[in-house]
Amino acid sequence: MHRNSDADARASVIEVTSVRKDFVLRHTRSMKEAFVWLIKGRKGDLSEKFSALKDATLTVREGETVALLGLNGSGKSTLLKLISGVMLPDAGTVATRGRVAGLIEVGAGFHGDLTGRDNVYLNGAILGMTEQQINERFDDIVAFSEIGQFIDTEVKFYSSGMYLRLAFAVAVHTDPDVFLVDEILAVGDEPFQQKCLAKIRELVAAGKTLVVVSHDLDLVSTICDRGVLLKHGDILFDGPIRDAVAMMREH
């Protein structure tokens with residue numbers, strides 16, 4: 001498993017060090033409470049902070065396949081967003097090496113008023129591809145996405161499934177060093193899910209690094225070799241996937 005000497009000898013591609021991420025929970029107060037707050041010169045806070053991650057430290061090395069596990073609110077999706085750069089930490093540091101491609105939210109980075117074709121070029125550029133590389137891979141991206149003639153339709157008219165298929169197709173064809181996936185395979189029909197999984201396994205077989213968030217314990221058991229279990233913003237366990245899944249099943 002991931003704690004062997006081979007893995008330890010590989011270069012790290014993700015370094016999360018003492019990371020904290022807070023969110024503000026806004027509560028609806030009574031008129032009386034709001035009035036008192038105004039009279040006091042807006043002193044005090046009408047909202048509360050929620051720490052999604054408290055002091056997370058994690059190193060992922062080249063070629064590792066890691067599942068972030070935990071119940072809703074455990075901080076796993078927040079951690080993935082921090083690794084992807086979608087969010088910034090309130091404390092600590094997050095560093096990545098190589099090309100990172102992620103499916104964090106369906107259609108994130110897509111512009112609704114642009115066609116599927118334009119979004120392929122826009123997203124490809126954001127993920128670090130040159131125009132020539134996108135030109136070379138464009139037909140493969142469209143074929144994989146199964147979008148067909150809708151590639152020249154504005155994506156605001158796409159269904160969530162069409163969004164997913166095109167976003168996934170672009171991401172996997174950027175030839176990423178690190179691939180991040182967040183529950184995204186829950187969207188879309190069964191045949192396309194199987195196609196996505198086959199592509200993910202292909203990336204893993206090629207030595208790419210995978211970090212995935214999923215509630216599907218059977219699925220992650222077959223794809224990942226390492227499990228990181230989070231609870232209330234803390235990392236409870238980091239080790240072999242079978243042990244992480246066994247602990248998760250107990251919760």
Side-chain angles (χ1 to χ4, degrees), residues 1-5 7-8 10-27 45-98 100-105 108 178-186 200 204 209-251:
M1 285 299 171
H2 83 283
R3 300 238 177 256
N4 63 29
S5 57
D8 291 340
R10 292 183 227 148
S12 63
V13 290
I14 300 168
E15 289 277 357
V16 177
T17 309
S18 302
V19 160
R20 193 190 82 244
K21 182 64 184 177
D22 299 324
F23 293 100
V24 174
L25 298 177
R26 301 204 177 276
H27 292 287
D45 198 351
L46 278 175
S47 58
E48 295 174 15
K49 277 187 179 177
F50 163 71
S51 291
L53 287 171
K54 294 171 183 171
D55 184 25
T57 295
L58 181 73
T59 298
V60 178
R61 299 186 182 278
E62 264 181 339
E64 283 197 282
T65 50
V66 183
L68 303 180
L69 305 174
L71 300 175
N72 288 337
S74 62
K76 58 189 185 300
S77 290
T78 299
L79 179 54
L80 201 70
K81 286 177 180 176
L82 289 165
I83 293 169
S84 74
V86 171
M87 288 180 182
L88 296 175
D90 292 312
T93 59
V94 179
T96 59
R97 190 174 64 81
V100 178
L103 280 169
I104 310 301
E105 292 169 1
V178 180
F179 196 52
L180 312 174
V181 188
D182 185 3
E183 288 293 359
I184 221 76
L185 298 179
I200 288 173
V204 169
T209 305
L210 174 72
V211 182
V212 60
V213 166
S214 179
H215 286 99
D216 190 333
L217 299 181
D218 292 331
L219 174 63
V220 296
S221 295
T222 65
I223 297 177
C224 300
D225 59 12
R226 175 180 171 192
V228 177
L229 183 60
L230 292 99
K231 185 176 183 180
H232 303 315
D234 292 315
I235 293 177
L236 282 188
F237 176 82
D238 179 358
I241 187 66
R242 63 173 181 270
D243 297 336
V245 165
M247 288 181 73
M248 184 66 195
R249 290 192 196 280
E250 290 170 7
H251 282 71

State the CD1-CD distance between Ile14 and Glu62, to the nearest 0.5 angstrom. 11.5 Å
For Ser18 against Asp55, the heavy-atom pair lying closest together: CA-OD1, 3.1 Å
Quick check: closest heavy atoms across Ala52 and Thr78, and the distance to 0.1 Å? CB-OG1, 3.8 Å
Could you tell me the separation between the CG atom of Leu82 and the OG1 atom of Thr93, rounded to the nearest 0.5 Å? 11.0 Å
Please answer whether the main-chain N or O of Val212 pairs with a side-chain N or O of Lys76 as donor and acceptor at a distance below 3.5 Å. no
How close do Ser84 and Lys81 get, counting heavy atoms only, and between which atoms? OG-O, 2.9 Å
Heavy atoms only: give me the nearest Ala56-Ile235 pair and the separation to one decimal. CB-CD1, 4.2 Å
Point-to-point distance, once rounded to the nearest 0.5 Å, from CG of Leu69 to NE2 of His215: 9.0 Å
Output for pair (Asp90 CG, Asp22 CG), nearest 0.5 Å, gives 5.0 Å
I need the minimum non-hydrogen distance between Ile241 and Ser221, along with the two atoms involved. CG1-CA, 4.1 Å
Can you check whether Gly70's main-chain N or O pairs, donor with acceptor, with Lys231's side chain at less than 3.5 Å? no
Among Leu180, Thr96, Val178, which residue satisfies the side chain to side chain contact (heavy atoms under 4.5 Å, CB included) criterion with Thr209? Val178
Atom OG1 of Thr65 and atom CD1 of Ile200: how far apart are they, to the nearest 0.5 Å? 11.5 Å
For Val16, run the side chain to side chain contact (heavy atoms under 4.5 Å, CB included) check against Ile83, Leu53, Thr57 and tell me which one passes. Ile83
Test Leu210 against every option in Asp225, Val66, Val60, Val181 by the side chain to side chain contact (heavy atoms under 4.5 Å, CB included) rule and name the one that passes. Val181
To the nearest 0.5 Å, atom CG of Asp182 lies from atom OG of Ser77 at 3.5 Å
Decide yes or no on side-chain contact (heavy atoms from CB on, under 4.5 Å) for Arg249 and Val245, but give the supporting numbers first. CA-CA 6 Å; Arg249 290 192 196 280; Val245 165; 3.5 Å; yes
Over 12 foreign heavy atoms within 6.0 Å of NZ, Lys54: yes
Using every non-hydrogen atom in the two residues, find where Arg61 and Arg10 come nearest and quote the distance to one decimal. NH1-O, 3.0 Å
